[in-house]
Amino acid sequence: MENAAIADIFDEMADLMEFRSENPFRIRAYRGGAQAIRDLDEPVAAIAKDSGRNLADLPGIGKTLAEKTLTLLETGKLPQLEELRRAVPVVVVQMARIPGLGAKKAAKLNERLTIESLDDLKKACQEGLVAKIKGFGKKTEAAILDGLSIAKQASERIYWAKGDELATVIGEYMRQCKTISQMEWTGSYRRGRETIGDLDLLVVAKDRTAAMDHFEAFPGRSQTIVRGETKISIRVAGAFQVDMRLVEANQFGAALQYFTGSQSHNVHLRRIAKDHGLKINEYGVFRVDDENQVANEPIAGKTEQEVYGAVGLSWIAPELREDRNEFEWATKNKFPELIEMSDVVGDLHMHTTATDGTATIREMADAAIERGLKYIAITDHSKRVAMASGLDEERVRAQWNAIDSLRSEYDGRLVILKGIECDILEKGGMDLSDDCLAEADWVLASVHYGQKQPRDQITERILGAIENPHVDCIAHPTGRLINRRPPYEADMEMIMKAAKANRTMMELNANPARLDLNDIHLAAAKRHGIPIVISTDAHSTDGLVVMKYGIKQARRGGLTKGDVANTRSWEQMKGLQ
DNA sequence: GCCGTTTTCGGCCCGACTGTTTTCAGTCG
C-alpha cells in the first residue's frame, strides 16, 4: 500500500470521527498522522520492513497510528474504518459538503429528519421542516437551498494556473481602488499548491468601507457570502470563493504570515512561539507573562521577517510552509536556495506540426529565443501514438535532417536538439529501434497506453526504458492528471533507484494539469540525487509559458538550481546523460 | 491520539462572522 492511500484512510477516519463528535484533538492527531505519511519522501512500507527503524519514531505517528499503519500494510484494510463507515450514513457526509453546513449540523439534520438523499434535504427545506429544528432557522434553511445548487462547484479545487489568471484579473481591478495602500495574495495560491480551493487577498486601506464596496462591485461577482468589519467573502466565476481581509499597516506581516498558512505550518509556528513565552495571531507577536496575561502592544508584526525573527527563525519561503522540513531549516538558517525562473536556460520537451503541435520547428525556435532560452529539444511523439500521427523512423529521421539544416541559421542564438518522445510499449520495450534512438541528441521515454496496468507490469515497463542506454529522461513519470486521472500504480521508489543507477533523468512536466512529478516525488528524487528536467511539453508557441508553473512546483519540492538539469548549458547537460 | 527543558498527565493555535441566541455553538480558514 502506497503512502498516499494510507494517508487518505487516516484523513477519512478523521472526517468520519467529526460526525461522531469525537475529541477534536484525537481527530487532529489522525489528520496529523495522515499528513506525516503523505509527506514522507520514502515509502512507509520500507520503514516498516527495516528492523532498525520504528514507525512510531516518525513525528505525528505514535503507538496507535503505527499499529494501524502496519495493519494496513499487511491486510490492506482497517476494521475501525469499516466500522466508522457503517456508523456514518453517506448522505450525512454529502450534506456536510454544502457551504454553511458542517459535520455537526449535518448529523443533527440526519438525526431529526428522515433524509436519505440530498433530494430529501431539498424537500425538507422547501416544506419548512429544517427551520423548525432548534439551532436552525429561516436563514439557515434558505442558505442550505442555495448551497445545494453550488455544493459540487464550490468544493472543487482549480489548477494553480487558473487561480493565477483569476488573481491577476482581480488584482488589477483592486489596484484601481485608491484607498488601498498595500495588497498581497495569501493562502494556498501564495504557497503555490498545485490546486487552489479559494483566493485570499490581504489589504491595507485607509477607508475600509470604500475598499469593501469596491471589492463587492467586482464585475465577476455572483454572490456575497459574508461581509463584516474586517473580512468579506464573495463568489466569482460561478461558485469560486474569494476572500478579502483588511488589516492595519503595522499588522500586515503578521496577517500575511497568518493567512498564507499552511494551517499545520501555523500550528507549528504558534507552538514554538508558546515555548518562547509569546503568542502569535494575525495582529502581531505578543509577550505573554507568567500569569498568562497577553501584552497590549505587539513586539513584531509589520513584516513576515519580523514575525519569524521574533521566535528566532529566519524567513521561510511560502512554497516551503507545509510543516515538512522548514522549521528545522529555519532554526539553522540552512535553506535550500530555491530555483528561480531566470535559472532555466533550456526546454527539452515540445511538439510541432509534425505530430499534434500547432507550430513549426522554426516557430517554436523563434518563440524560445524570445523567452531567452539557449537550447530546445524538438520531441514529437513516436508512431504508437497514432492519434497524434506519431513519427515512425523514416519521418523522425526526416525531421532530424530538417533540424540539421536549420542549425546554421540559429547558430549562436539557439541550439535546436534532435529529440523524440518515444513511447514505452504496452508489452514493454521502446516504440523505435535502438539504432534510431542512438541518432537522437535527446530521448524522452513515456507511457501513454496501458496506464491502468497492474503495479508489477507497469513498473517493469518503465524500468525497461530506464535501462535502455539511449533513453535520457522519463517524461511525466506518474501520468497523473490533476483532478482527472490518478497516477500509474508504478513503484516509484524502485523507479527512482533504477533512474539513479542508470543515470536517467526525470521530468517535471510543467503543464498545469500534470505537474508531474509532484512536490513529494521531487523531494524524493533530490534525495536520490536524480537530476530533474523541468519541461513545458508545449504544443504551441504559447505553450512555452507554462515553465513558470513548473518552477513553482520545483520550489515546493525544495529544488535548487543545482538540482535541475536544464539550468546548465547544453554542453554541461551532455555530461549528465 | 500525540507529546515531553512543565516527561506518563494534561495540555493541544487562533480569531471572524453568522444565526439564533440572550451568552454561544457552529463553520470556516
Side-chain angles (χ1 to χ4, degrees), chain A residues 10 13-14 17-19 21-36 55-69 80 95-109 130-144 147 154-155 186-191 196-202 224-233 241-247 251 254-255 257-286 288 290 292 294 311 323:
Chain A
F10 288 157
M13 289 184 74
M17 283 191 285
E18 276 197 67
F19 292 100
S21 302
E22 297 248 12
N23 178 349
F25 297 108
R26 186 168 174 237
I27 295 171
R28 185 194 290 175
Y30 273 84
R31 290 200 205 288
Q35 199 200 335
L55 286 175
D57 290 339
L58 293 170
I61 303 288
K63 193 162 166 273
T64 308
L65 288 181
E67 272 172 20
K68 288 189 161 64
T69 304
Q80 292 90 337
M95 281 195 285
R97 292 203 191 105
I98 297 168
L101 277 188
K104 294 259 164 62
K105 285 191 168 174
K108 193 163 188 180
L109 280 174
V130 170
K132 287 183 186 151
I133 302 172
K134 194 172 154 59
F136 293 75
K138 281 279 164 214
K139 286 205 171 175
T140 308
E141 195 171 71
I144 292 174
S155 62
T186 68
S188 51
Y189 171 65
R190 182 163 180 245
R191 301 201 311 280
I196 307 292
D198 63 3
L199 281 170
D200 303 285
L201 186 63
L202 185 68
T224 298
I225 306 165
V226 297
R227 176 169 171 163
E229 293 288 307
T230 62
K231 171 189 168 173
I232 173 168
S233 298
Q241 184 171 338
V242 185
D243 300 341
M244 181 173 75
R245 316 256 179 172
L246 291 143
V247 294
Q251 304 165 338
Q257 191 290 316
Y258 181 87
F259 292 115
T260 298
S262 66
Q263 200 168 348
S264 49
H265 173 91
N266 284 357
V267 168
H268 194 146
L269 180 67
R270 266 155 254 289
R271 210 168 49 226
I272 294 174
K274 257 191 161 173
D275 295 343
H276 283 73
L278 298 169
K279 171 176 154 144
I280 302 181
N281 58 25
E282 63 259 57
Y283 303 115
V285 183
F286 301 86
V288 184
D290 297 342
N292 234 5
V294 182
V311 293
D323 195 19

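Residue numbers begin at 1 in each chain, while the letters A, B, ... track the order of the sequences.
Among the protein residues, A:Ile27 comes within range of no part of the nucleic acid, since none of its heavy atoms lies under 4.0 Å from any strand. Across all strands, A:Leu101 comes closer than 4.0 Å only to sugar-phosphate atoms, never to a base (heavy-atom distances). Residue contacts shown for A:Pro24 are absent, as no nucleic acid heavy atom lies under 4.0 Å away. Within 4.0 Å of A:Gly60, counting heavy atoms only, lie sugar-phosphate atoms of the nucleic acid but no base atom. A:Asn23 comes within contact range of at least one nucleobase, with a heavy-atom separation under 4.0 Å. No engagement by A:Glu141 is indicated, since no non-hydrogen atom pair under 4.0 Å with the nucleic acid exists. Heavy atoms of A:Ala103 sit under 4.0 angstrom from primed sugar atoms or phosphate atoms, though from no base atom. Nucleic acid contact class of A:Arg28 (heavy atoms, under 4.0 Å, all strands): base.
With no hydrogens or angles considered, a side-chain donor-acceptor pair links A:Asn266 and A:Gln257 at under 3.5 Å.
Comparing atom distances between the A:Phe25 side chain and each of B:dC12, B:dC2, B:dT27 picks out B:dC12 as nearest. In the set B:dG1, B:dG29, B:dA16, B:dA16 carries the atom at the smallest distance from any side-chain atom of A:Glu282. Listed nucleotides B:dC13, B:dT20, B:dA16 differ in distance to A:Gln263; the shortest reach to its side chain belongs to B:dC13.
An OP1 or OP2 oxygen of B:dT18 is reached within less than 4.0 angstrom by no side-chain nitrogen or oxygen of A:Thr140. Taking side-chain N and O atoms only, A:Asn266 has no distance below 4.0 Å to OP1 or OP2 of B:dC13. Regarding contacts with the backbone of B:dC28, every side-chain N or O of A:Ser233 stays at 4.0 angstrom or more from both OP1 and OP2. For the OP1/OP2 pair of B:dC13 and a distance below 4.0 Å, the side-chain nitrogens and oxygens of A:Arg270 include no atom meeting the criterion. For A:Lys274 and B:dC12, the shortest distance from a side-chain N or O to OP1 or OP2 is below 4.0 Å. OP1 or OP2 of B:dG15 sits under 4.0 Å from a side-chain N or O of A:Lys279.
Heavy-atom nearest nucleotides on DNA chain B were determined for A:Gly100 and for A:Ile225, and the one closer to the 5' end corresponds to A:Ile225. The nearest heavy atom of DNA chain B to A:Ala66 and to A:Ile133 marks one nucleotide each, and the one closer to the 5' end goes with A:Ala66.
Taking the ring axis of A:Phe136 as reference, the NZ or CZ atom of A:Lys105 stays within 45° of it and closer than 6.0 Å to the ring centre.
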